[in-house]
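This report refers to the structure that appears directly beneath it.
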Amino acid sequence: MLHRQLLRTKATLVVVAVASLAISLAALMSYRGVSALVADELERSLADRVDTVIAFRAAGLAPPARPDMTERYVSAAGAVAPPAPGRAALPVTAETRRVALTGRGESRADLVVAGTEYGLLTRPLPGGGAVVVGQSYAAVARVDDQFLRRMTGTTAAAVGLAALLGWLVLGRVLRPVRRLAAATRRITTTHDLGTPLPAAGPDEIGQLTGSFEHMLAALRRSRAQQQQLVQDASHELRTPLTSVRGSAELLQRARGRLDPADEEQILTTLVTETAALDDLVRELVELATDRYTEEDPEAVDLLVAAEDGAQRFRRRTGRDVVVIVDGACPPVPVRARPRALQRCIDNLLGNAVKFSPDGTPVTVSVGGGKLAVRDRGPGIAAGEEEAVFGRFYRGPRTQAVPGSGLGLAIVHDLVAADAGTVFAGTAPGGGAEVGFELPPYAPAAAGGTEVRRRFGRGRAVSPPGRR
């Protein structure tokens, strides 16, 4: 019994060591990702500060001081105002003077001033001149160095512990652990997620091996989905990019010799294709990154959400969007992420407005936890009910309509994340009917929970034909 307990203790120590290595590797990868996010946040902070300084100066006020920020003003004639007392004297570069002189464009640079690295951004001022704002990176660099040192120490300690346990623990019972460690090392080194793991036995080590196998299977699926998304995206981007390049090359070769009508047509093509590229890139980012992961599900009034979305599209498009309540199945509060739900409704309405002929209404019906949007377009062919939710899918009836083919795929992913289902088909009388159904909200307290009206104040429902 003592021998068996000793072996089990040693095996547990090995499991802890391997887990420590995995955590340390994850921390290292997280550090690289966080560094990029911090850099993006610094760029946004610098741009926001420039906008604030310009707004305050236009109002004749001094901007509020920030300890990590400093600014200087340059007139159109090149005169440089002195910095505020106690602030670093930012250098005025040739690019800064150019912006001040021309009043166009902006200048971005990283410079070291008095031993401190600054990020500099110059933008023109209304009425002439420019403002250059500098952001000190000293505090960020200090925090980054501290975090890197701590992470390095933690990683070194975890690796040292794993090495010590691997040297101390010998015998037949540890052979599966060594094989598992060798396999994980191969995966870490080669990034080959197809590396086979040792056969999982009935003991704790076998359970750990099985957990690793499940994790690898999930990673393989994730990588396959990412690769497929990249391949699909490159295919979809190639057409508008080819059109933009061809139009630009034609303008370059012609150099003013084109007929004005032809030149206008080419410029229209450039604007249209770049707008399509912008929409496609935005939808790709929306699909590849869930921007609503920090949002907690809550009780949402589905009818209020539908009416709010209808009002937005009436104002935006001038189209007749009608909200109808299913009398046989009154709407109930659903469990969903409010902003994600709003995105789903907007995508469905945008899709319906795009395919409905001018002068025809778009109908939103709500009943229970179900919401359906109907248009008066060509409808959905039989057999395409599930395919329409695929990425970049364009049915044969909708090939001529501009779009990215990602709107319904985003709806599918967001609804699935909230444990809901999607559906699509051809409505009686023609037109497509696309929607989703979400689970009803179940309050934890016996007395119930008030539904948070995150989408509006009223519950007024538009009668048919009324905007």
Show the numbers, then the answer: is there a side chain to side chain donor-acceptor pair (under 3.5 Å) between S107 and T122? CA-CA 5 Å; S107 173; T122 303; 4.6 Å; no

Basic-acidic side-chain contact under 4.0 Å: D308, R312: yes

Under a 3.5 Å distance rule, please check whether D418 uses its side chain to pair with a backbone N or O of G420 as donor and acceptor. no

Give a yes or no answer on whether the side chain of S356 reaches the backbone of A352 with a donor-acceptor pair at less than 3.5 Å. yes

Backbone of A248 reached by a side-chain donor or acceptor of R253 within 3.5 Å: no

L348 vs L371 side-chain heavy atoms within contact, under 4.5 Å: yes

Can you check side chain to side chain contact (heavy atoms under 4.5 Å, CB included) on F56 and I54, steps first, answer last? CA-CA 6 Å; F56 271 78; I54 293 175; over 6 Å; no

In chain order, what residues pass the salt bridge (charged side-chain N to carboxylate O under 4.0 Å, His left out) check against R335, with sequence neighbours excluded? none

Could you tell me whether D320 and R314 make a salt bridge, using a distance below 4.0 angstrom between a side-chain N and a carboxylate O? no

E43 atom CD, over 12 foreign heavy atoms within 6.0 Å: yes

Whether E71 and R49 form a salt bridge (side-chain N of Lys/Arg under 4.0 Å from carboxylate O of Asp/Glu) is what I want to check. yes

Considering non-hydrogen atoms only, spot the tightest contact between V388 and A424 and give its length. CG2-CB, 3.8 Å

So which heavy atom on V353 is nearest to which on R319, and how close? O-NH1, 3.4 Å

Do R337 and D296 sit within salt-bridge range, that is, some charged N less than 4.0 Å from a carboxylate O? no

With a 4.0 Å cut-off, would you call K354 and D375 a salt bridge? no

Grab the two heavy atoms, one from A419 and one from P439, that are nearest each other, plus how far apart they are. O-CD, 3.6 Å

Examine distances only and state if a side-chain atom of T52 and a backbone atom of D48 form a donor-acceptor pair shorter than 3.5 Å. yes

Side chain to side chain contact (heavy atoms under 4.5 Å, CB included), paired with R123, selected from V99, D51, V133, V53: D51

If you look at every heavy atom in G134 and L120, which pair is closest and at what distance? CA-CD2, 3.6 Å

I need the minimum non-hydrogen distance between S45 and M69, along with the two atoms involved. OG-CE, 3.5 Å

